[in-house]
Each structure stands twice: as structure tokens, then as C-alpha cells.
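Chain letters run A, B, ... following the sequence lines, proteins first, then strands; residues in each count from 1.
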Amino acid sequence: DQQVKQNSPSLSVQEGRISILNCDYTNSMFDYFLWYKKYPAEGPTFLISISSIKDKNEDGRFTVFLNKSAKHLSLHIVPSQPGDSAVYFCAATGNFGNEKLTFGTGTRLTIIP
Amino acid sequence: SQTIHQWPATLVQPVGSPLSLECTVEGTSNPNLYWYRQAAGRGLQLLFYSVGIGQISSEVPQNLSASRPQDRQFILSSKKLLLSDSGFYLCAWSRGNSPLHFGNGTRLTVT
């Protein structure tokens with residue numbers, strides 16, 4: 001049972017435009033959400049997170065939006081840059097501080113120069 | 001600063017052979033340690049986590065085991081590998097409210 005779903009395995013976006021990566025979850029107990037970025041042959045690196053008490057968190061070019069009623073979150077990257085090409089994983093936990101994260105399957109983002 | 005080392009980067013093993021993957025963390029003490037696996041077309045699945053020396057929790061029944069002989073050392077093992085054990089194995093650490101920090105992973109192919 002996939003509790004965190006990323007339904008788009010891949011996404012291509014023109015450089016300078018906005019990239020929107022989507023994630024859906026089914027477990028109502030999740031209250032903290034994270035995005036990780038992964039380059040080939042490297043481990044995932046933490047990108048940005050959001051608590052369920054918020055609906056938006058922004059860090060530079062990256063913004064995460066959370067819609068609790070729809071159990072949906074999205075990552076916006078604007079403007080997109082070639083270095084953003086990577087696999088992005090959505091993750092969720094119901095107990096922040098005890099990092100037993102449930103991950104999605106990832107979305108491969110390709111930025112076209 | 002903290003660093004996490006994981007080796008080897010790639011490994012090809014025959015079915016029925018043993019496995020030992022090692023992970024060490026530097027620059028922190030008493031970290032929580034984790035082993036994740038990414039199988040083809042699937043998300044990162046938590047296999048084991050540890051909150052201290054000798055304390056291992058298994059998340060899914062499987063052909064693997066984990067041990068933590070020292071505070072900053074985490075080992076993933078198997079006595080006899082199965083084809084289904086192929087995947088990308090990631091070690092990670094966290095401490096307090098910090099996000100997970102991952103190693104660079106081991107690509108295991110069981111033939």
C-alpha cells in the first residue's frame with residue numbers, strides 16, 4: 001500500500017519556467033512533509049519541508065504548498081535551472097524527530113536549456 | 001561537520017552468497033541510524049532503524065539483518081542473498097529534529 005504517491009515519474013520543463021512536482025498521501029496521521037533531491041550515484045539530500053500547521057513554506061526558488069483537505073502537496077521551483085535536473089522524492093512522517101519517513105517513488109525532473 | 005560514509009558503491013553478488021554493507025557516521029554522537037532500500041520503480045523503503053548501540057528495529061520482514069556494534073557504525077547483512085534483494089541501499093542518520101542525511105548508497109545486483 002503506497003501511502004505517499006508521486007504519480008508523475010518524469011517531468012520536463014524549459015529553463016527559466018516554473019517546475020511543479022506533485023505528491024499525494026493517504027495517511028491522515030502524517031503531519032510533516034519533506035522533499036528530497038537526488039542526483040545520480042548520490043544519496044538524496046534534504047531540500048525543504050512543511051509542517052501540517054502551515055499551508056506554504058518558501059526557501060529561495062523553492063516553495064512547498066500543502067493542501068490537507070486534499071491530502072496533496074506540491075513543490076514549485078521558479079525559475080527552473082539546469083542544475084535542478086534530478087529525481088525529487090516526497091516524504092512524510094507522523095512523528096517528526098523520529099524520522100521514520102515514508103517516501104514516494106520519485107519524479108525525474110529534466111530542465112531543458 | 002557531519003559526514004556519512006557508505007561502501008561499497010556497487011556490488012554484484014550471486015544468489016545464496018552472504019552480504020555485508022557498512023555505514024559509518026563522523027562528526028556527531030548518538031545518531032539515529034537507518035537503512036533504506038529503493039527497488040526498481042518503487043520509493044525508498046525503510047528496512048531498519050537504530051536509536052543506539054545494539055538497538056535495532058526491523059520495519060519489514062525480509063532476508064536481511066542489521067547490527068550496530070558501535071555508536072556510529074551500522075551494518076546491513078544477509079546470510080544468503082535472494083534475487084529480490086537487488087536494489088539501491090541507502091544508509092542515513094538523523095539527530096534530534098534534523099532531517100535525514102543520506103549516504104551515497106550501494107547498488108546491489110544479485111545474479
B:Leu46 and A:Leu101, any side-chain heavy atoms less than 4.5 Å apart: no
List the steps, then state whether side chain to side chain contact (heavy atoms under 4.5 Å, CB included) holds for A:Phe46 with B:Phe102. CA-CA 9 Å; A:Phe46 169 73; B:Phe102 286 89; over 6 Å; no
Walk me through it: do B:Leu44 and A:Tyr36 pass the test side chain to side chain contact (heavy atoms under 4.5 Å, CB included)? CA-CA 11 Å; B:Leu44 297 171; A:Tyr36 281 78; over 6 Å; no
Is there a path of hydrophobic side-chain contacts, each under 4.5 Å between heavy atoms, that joins [X] and [Y]?
X       : Y       : result
B:Ile75 : B:Trp93 : no
A:Val78 : A:Val13 : no
A:Leu34 : A:Phe65 : no
A:Phe33 : A:Ile53 : no

Over all heavy atoms of both residues, which pair between B:Gln38 and A:Thr105 is shortest? Give the atoms and the distance, please.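 Closest pair (atom of B:Gln38, atom of A:Thr105, distance): NE2-O, 4.4 Å.
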Counting only heavy atoms not in A:Arg17, do more than 12 sit closer than 6.0 Å to its CZ atom?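 Not more than 12 within 6.0 Å, no.
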Counting only non-hydrogen atoms closer than 4.5 Å, does B:Leu90 touch chain A with its backbone (N, CA, C, O), its side chain (CB onward), both, or neither? side chain
Heavy-atom proximity to chain A below 4.5 Å, by part of B:Gln6: neither
